[in-house]
Structures are given as structure tokens and as C-alpha cells.
Protein chains: 2
Amino acid sequence: MKAKTKTITIDGIDKKILRTLMEDARIPILEIARNVDISGAAIHQRLRKLEKSGLISGSKFIINPKILGYDTVAFIGVYLDKAVHNPEAIKQLKKVPEVLECHYTTGNWNVLIKILCKDNAHLMHLLNNDIQTISGVSRTETFISLDQQIDRQISI
Amino acid sequence: MKAKTKTITIDGIDKKILRTLMEDARIPILEIARNVDISGAAIHQRLRKLEKSGLISGSKFIINPKILGYDTVAFIGVYLDKAVHNPEAIKQLKKVPEVLECHYTTGNWNVLIKILCKDNAHLMHLLNNDIQTISGVSRTETFISLDQQIDRQISI
DNA sequence: GTTGAAAAGCCAAAACA
DNA sequence: TGTTTTGGCTTTTCAAC
């Protein structure tokens, strides 16, 4: 589909390396080496191959928002007035740090956003002062996450 | 709310450390040390404090699903027959590796899931063979993500 | 694609201000 | 909290297989 038709082949060892690092990005490469029983240098080369292929797009520290008092996740379906205004509305959404995800979607609304806030009062404030006020936003539907049961990456 | 009323205070240096590591978990601590102009050992001590507080909940390698042919993200609102069956349905959803997130939500449906699949055919197959077949699932509403514009963590 | 070894660099604890 | 020191590991590269 893209011009880049580079075929990436990953074998069982690559998978083991990736699975390990997907759970803990700071694990020493030599420890992986011991687990998969090849040399550290070999792991290193494989990682360079995987990085070059684009399969590995980085690593992140995961921080726990609850510790900072952020206890509420919500999904908000946003209806926009006119399609032509969408890019501007998205630009405004990017300025709201509580918006963690934003997707153009098929279906009833134009975009679906995921937001993280401290509590329901914070959520209401965000809706009234930061989301609804964006030019082009006509209506929203909010779904509060009561409990997240699954949170993971693609399985390889 | 929890028994653990440990007050965690993070200052500007902690924030700089965290922001750096949230973008690249494998950056050497000494490099952060050079950027924030304190010693590596001090960074190390701060990280131990932050880990102990629970604010840092780990690190992950981020892999790019597109390289493996996974191009389609969708959100699916799931209606369940009876609340009593929910835990069993969740258990079944956990067995579907394409389900990346699963939230009990307020609003029309009982749970909202986020799935990652290769294409629309794969999505349809998942819906017909893996989601709709789960006991207790009565109806679903699917919203395909046409384009994800924002993807980030909490800002600190 | 893998190895082993070597140089460079990093981590983590200790001792102390 | 912060720093410096220090020993032990890890990373990264490279010639050789």
C-alpha cells in the first residue's frame, strides 16, 4: 500500500525479545540474552534491525495517573458542525492536555476523544469550558469509564 | 480514598526527569543528568522515590502495529444481556488478543472496547466470530477510527 | 546471522556534606 | 537533598567465523 514494501520477517527470537521489552523497556539486553540463549551482541543487532524496520517506534515510561489524583477516564463522542472546520477543532483539542486520544470515526459523531481527569467535577469543567467552547463543536456524548478491565498492546 | 495517603511531591526536576523518560525509556540516566544539571546519582535517587510512590508504573517498548499489517482501530460499544454475566463476558474478551482496551462505561452500552485489526475484513471476522459469539453479548455498535490525531499520556 | 572480546560508558551503593 | 567515588555491569562495536 505504501511505497515502502520492505518485508520484515520476525522469527521466534525476535518475538521473545520484543515481548520482553514491551513489558519492561529498561531490562538489560544481557538479561534478555540469557533468557533466549544467544549473545548480547546478537540481540543488539536484532534490535537495530527491528528499529530500522520501523516496528519499534520507541519506548515510554508509564506513569500512573491515579497517584496524581487523576481517577476518571471518559470517552466523548463529538459532533462537529461542518466538516470543513474539523482540522481547526482538532487543533483546539490538542491544546487540551487532558485529551489523550482523538480519533476521526465512522458512525454518529465525527470524532471520539478519550480524556483523563481528576474527578467528575473536573470532567464537567472540561466539557463546559474546554470542549463545548471549541468552535465547530455542536454536541457531545460522554461515556465515563467505570473500570478498565483490559489495557495492552498488540500481541506478537 | 485508599489507605495509602502518602503525599507525593514532585518538583520541577522530577517533572523534567519524568517527561524525558516518558518519551524515551531507554535514555541513559547520565544523559538526563547532563540536561537537568544534577548528578546521575541524584537522578537515580529521585527515580527510586518516584518508583516507590507508585507514580512510575513501569516502562514499555512501543511497537508500531502498521508494520505488521494492523491498520485498523475500532471502538465497539457492547450491550450485555444481564449484568450478572458481565465478568464472564469480560473474561472471554480477554481471550481475544485484538482487544486492546475494555472499559465498563456509563451510557448506552455496558462496555466499550478498543480493538486493533488488520483491515475491515478482519474486523468483520472478529465481530462475527469472536465478539458476537460471546455469551451475554446481545448487540454491538462499531466505530471505526479513520485517523488518530492525538495519542499521548497525562501531561505533567 | 552469530560470536567473543575490548573499550567506553553506565548503574547503583556507600560515604559524606 | 545533594555530590563524589568506586567496583561491577552493560552497551556497543568490530574482526572473525
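Side chains are part of it too, since the values below use all heavy atoms of this structure and drop only hydrogens, waters and symmetry mates. We name chains A, B, ... by the order of the sequence lines, and we start the count at 1 in each one.
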Subject >> side chain to side chain contact (heavy atoms under 4.5 Å, CB included) partners of A:E141, counting only residues at least two apart >> reply: A:Y79, A:W109, A:R139, A:F143
Original post:
Just how large is the angle between the end axes of the helix from C:dG1-D:dC17 to C:dA17-D:dT1, five pairs per end, to 10 degrees?
Top reply: 30°
Subject >> Outermost DNA chain C nucleotides near chain B [under 4.0 Å, heavy atoms] >> reply: C:dC10 to C:dA13
**OP:** Would you mind building the protein contact string for nucleotides 3-17 of chain D? One character per nucleotide, 5' to 3', B for base within reach (heavy atoms under 4.0 Å), S for sugar-phosphate only, - for untouched.
**Re:** BB-----SBSB----
Original post:
What about A:M124 and A:V73, same hydrophobic cluster or not, with Ile/Leu/Val/Met/Phe/Trp/Tyr joined at side-chain heavy-atom distances under 4.5 Å?
Top reply: no
Subject >> salt bridge (Lys or Arg N to Asp or Glu O under 4.0 Å) involving A:K15 - partner list, sequence neighbours excluded >> reply: none
Subject >> Other cluster members, B:V78 - Ile/Leu/Val/Met/Phe/Trp/Tyr, side-chain contacts below 4.5 Å >> reply: A:L146, A:I150, B:I76, B:L80, B:I90, B:L93, B:V96, B:V99, B:Y104, B:V111, B:I113, B:I115, B:L123, B:L126, B:L127, B:I131, B:I134, B:V137, B:I144
Cut-off 3.5 Å, no hydrogens considered: what does the side-chain donor-acceptor table look like for residues 26-38 of chain A, sequence neighbours left out?
{"residue": "A:R26", "atom": "NH1", "partner": "B:A25", "partner atom": "O", "Å": "2.5"}
{"residue": "A:R26", "atom": "NH1", "partner": "B:I27", "partner atom": "O", "Å": "3.3"}

Subject >> Pairwise ring-ring contact (aromatic ring centres under 6.0 Å, His included) hits with a residue in residues 8-50 of chain B, at least two apart >> reply: none
Original post:
Applying side-chain hydrogen bond (donor to acceptor under 3.5 Å, both in side chains), which residue pairs with at least one partner in residues 147-156 of chain A are found, sequence neighbours left out?
Top reply: A:D147-A:Q149
Subject >> Set of residues satisfying salt bridge (Lys or Arg N to Asp or Glu O under 4.0 Å) with respect to A:D14, sequence neighbours excluded >> reply: A:R46, A:K49
Original post:
Which other residues end up in the same hydrophobic cluster as A:I62, if Ile, Leu, Val, Met, Phe, Trp and Tyr are linked when side-chain heavy atoms come under 4.5 Å apart?
Top reply: none
Subject >> Pairs involving residues 113-129 of chain A, ordered by first then second residue, that meet side-chain hydrogen bond (donor to acceptor under 3.5 Å, both in side chains) (sequence neighbours left out) >> reply: A:E98-A:H122, A:K114-B:E101
